[in-house]
Amino acid sequence: MVSVNVGLVHYVLDHIYGTLLHRTKLGTPFFSKGWGGTKLDLLERMVKQLFPEAPCQNWPPTAVQPKWKTVWETKNSCLREGVFRTTCDERLIDALPPESHNARVAFLTPKDVSPEKMACVVHLAGTGDHSFERRLRLGAPLLKDNIATMVLESPYYGQRRPSMQHGAKLQCVSDLLLLGKATIDEARSLLYWLQAEAGYGKMGICGLSMGGVHAAMVGSLHPTPIATLPFLAPHSAVVPFCEGLYRHATAWEALREDAAALAKDATSLTEDAASGITIEQVKDRLRSVLSLTDVTRFPLPKNPQAVIFVGATDDGYIPRHSVMELQKAWPGSEVRWVTGGHVSSFLLHNDSFRKAIVDALDRL
């Protein structure tokens, strides 16, 4: 009788999926238009300003007043969609594509329950999550627990995607930082709206993969305790782009050529000297830029017991050590493991993610 290592199967499936999606020449790679020039310089400065030097710095955030419309309504629940202008700094708004200037949000709530007796969790998008649907399916069964779900559409995704962008493949490195900074700012403003305007008693923030990184950052920066739930998330974008499967989907030669052109413009380097920049130097530069997304550099959340990380045992995208880096940085937080790979866990373990949400909210 032949025994099968199920964990290895999940890990290999992640790599097969990644190969089909990222290593073939059928699609456009990440960062095909280079670094982003002056936008990247601006983003590097502004991301560093995220870290508060004193309690409640950068709080309250810019207030939002979404314009709501009802999508559907039943006897027990209601789904609304809202639109508001992004709450980014004006310099970032100028850097964002016009399509991303207005944020979109879906809001699924129980009926006939007052907000102070409910909780609400804001769900952030993972890489390639262009619609509300998957996150609404994750949150819908929580209505029975009086937990509302708010789903934010990220810049560069869905109806906010630039016309020249193919799928989720961001064109410049600066786009990745812009997406992250705008998502963090908008999520913080939505949490403030839920507390100050809607009157919710408990709140949380969650996300899968890239959305989990952003959720961890938002939970870290929030001035009061909230449930923080990063699912299948690395501790930094360095992990998928420089060490994981996304390195096969990155336009390294385009980044090298752009770096050479920037070096030639900024210095007196000859064309031959500038063209001598190597791919290894480019990878080091990308690693340095993406280190700004390292969640372990962010402050400890106000209630680390309400932080639950969920990792996959055989994740081909996010290695176990990266998840453990998060717990090590935030003592008191919890790590849970689901059996499977990155892709299979998206499909098979929604109940585990929901259980983590309920448990984290109960700890507030």
Side-chain angles (χ1 to χ4, degrees), residues 28 30-50 58-71 79-107 122-133 135-136 150-194 196-198 205 207 210-211 213-215 217-218 221 237 292-293:
T28 303
F30 285 103
F31 315 139
S32 60
K33 292 192 175 180
W35 298 93
T38 56
K39 288 184 183 180
L40 183 59
D41 297 334
L42 171 66
L43 264 294
E44 287 186 278
R45 291 196 303 272
M46 296 198 73
V47 170
K48 290 174 182 176
Q49 294 170 8
L50 273 175
N58 304 324
W59 192 266
T62 303
V64 293
Q65 290 295 336
K67 296 180 180 177
W68 297 105
K69 68 174 183 179
T70 299
V71 178
L79 176 66
R80 293 182 290 164
E81 290 183 5
V83 178
F84 61 92
R85 181 171 170 80
T86 183
T87 54
C88 287
D89 182 283
E90 286 297 326
R91 291 170 294 172
L92 291 188
I93 293 176
D94 291 340
L96 281 168
E99 296 92 337
S100 292
H101 287 186
N102 287 327
R104 296 178 63 242
V105 64
F107 194 19
V122 177
H123 294 238
L124 304 182
T127 301
D129 191 352
H130 287 275
S131 74
F132 297 138
E133 295 308 313
R135 286 171 284 164
L136 286 174
M150 180 173 275
V151 178
L152 175 64
E153 181 180 74
S154 285
Y156 296 92
Y157 282 8
Q159 293 186 25
R160 305 180 72 184
R161 185 177 68 186
S163 58
M164 298 299 291
Q165 178 182 304
H166 298 284
K169 301 294 178 62
L170 303 174
Q171 297 179 87
C172 298
V173 174
S174 59
D175 292 343
L176 183 63
L177 295 183
L178 268 169
L179 185 159
K181 182 64 168 69
T183 296
I184 291 166
D185 288 347
E186 291 166 7
R188 298 186 81 201
S189 292
L190 288 171
L191 287 168
Y192 183 63
W193 181 86
L194 286 168
E197 298 290 333
I205 186 86
M210 176 185 71
V213 176
H214 297 152
M217 294 175 177
V218 173
L221 296 170
L292 293 170
T293 68

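Numbering of residues begins at 1 and proceeds along the displayed sequence. Any value given below was found using the heavy atoms of this structure, including those in side chains, with hydrogens, waters and symmetry copies removed. Keep in mind that this is a model prediction, so the values were computed, not measured.
- Put simply, the side chain of Glu99 gets close to the backbone of Ser163: a donor and an acceptor are under 3.5 Å apart.
- Atom CH2 of Trp35 and atom SG of Cys172 lie 11.0 Å apart (nearest 0.5 Å).
- Within the model, atoms CD of Gln159 and OG of Ser131 stand 10.5 Å from one another, a figure rounded to the nearest 0.5 Å.
- Of all non-hydrogen atoms in Ala103 and Leu152, the two that sit nearest each other are CB-CD1, 4.4 Å.
- Among all heavy-atom pairs drawn from Val218 and Ala187, the shortest one is CG2-CB, 4.0 Å.
- Between the side chain of Ser189 and the backbone N or O of Pro61 there is no donor-acceptor pair closer than 3.5 Å.
- Minimum interatomic distance between Ala95 and Lys39 (heavy atoms only, all atoms of both residues): O-NZ, 3.0 Å.
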Derivation and outcome, side-chain contact (heavy atoms from CB on, under 4.5 Å), residues Met210 and Leu179: CA-CA 10 Å; Met210 176 185 71; Leu179 185 159; 3.8 Å; yes
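- Rounding to the nearest 0.5 angstrom, the gap separating the SG atom in Cys88 from the NZ atom in Lys181 is 6.0 Å.
- By the ring-ring contact (aromatic ring centres under 6.0 Å, His included) test, Phe84 is found to be paired with no residue, residues two or more places apart in sequence or in another chain being considered.
- If you take OG on Ser174 and CG on Asp41, they are separated by 9.5 Å, rounding to the nearest 0.5 Å.
- Residues Leu124 and Ala215 approach most closely at CD1-N, 3.7 Å, considering heavy atoms.
- Scanning for salt bridge (Lys or Arg N to Asp or Glu O under 4.0 Å) contacts around Arg104 gives Glu81, Glu153, with sequence neighbours left out.
- Taking Asp89 as the reference, Arg91 meet the salt bridge (Lys or Arg N to Asp or Glu O under 4.0 Å) condition, with sequence neighbours excluded.
- The CG atom of Leu190 sits 12.0 Å away from atom CD of Glu197, with the distance rounded to the nearest 0.5 Å.
- For the residue pair Leu96 and His101, the shortest heavy atom distance occurs at O-NE2, 3.3 Å.
- Rounding to the nearest 0.5 Å gives a distance of 11.0 Å between CG of Leu178 and CD1 of Ile93.
- Across every non-hydrogen atom of Leu221 and Arg188, the tightest pair is O-NH2, 3.2 Å.
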From CA spacing to verdict: side-chain contact (heavy atoms from CB on, under 4.5 Å), Leu170, Gln165: CA-CA 7 Å; Leu170 303 174; Gln165 178 182 304; 3.6 Å; yes
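- With hydrogens and angles disregarded, a donor-acceptor distance shorter than 3.5 Å links the side chain of Arg160 to the backbone of Asn102.
- Relative orientation of the Phe107 and Trp193 rings is perpendicular, given thresholds of 30° and 60° on the angle between their planes.
- Side chain of Asp185 to backbone of Ala182: no donor-acceptor contact under 3.5 angstrom is found.
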side-chain contact (heavy atoms from CB on, under 4.5 Å) assessment of Thr86 paired with Leu92: CA-CA 10 Å; Thr86 183; Leu92 291 188; over 6 Å; no
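- Checked against ring-ring contact (aromatic ring centres under 6.0 Å, His included), Tyr156 has no partners two or more places apart in sequence or in another chain.
- Proximity of Pro66 to Arg80: side-chain heavy atoms (C-beta onward) are nowhere separated by under 4.5 Å.
- Applying the ring-ring contact (aromatic ring centres under 6.0 Å, His included) rule to pairs touching residues 157-179 yields His130-Tyr157, sequence neighbours excluded.
- Side-chain atoms of Thr293 come within 3.5 Å of backbone atoms of Ala237 as a donor-acceptor pair (strictly under, hydrogens ignored).
- For Asp129, the salt bridge (Lys or Arg N to Asp or Glu O under 4.0 Å) criterion is met by Arg134, Arg135, not counting sequence neighbours.
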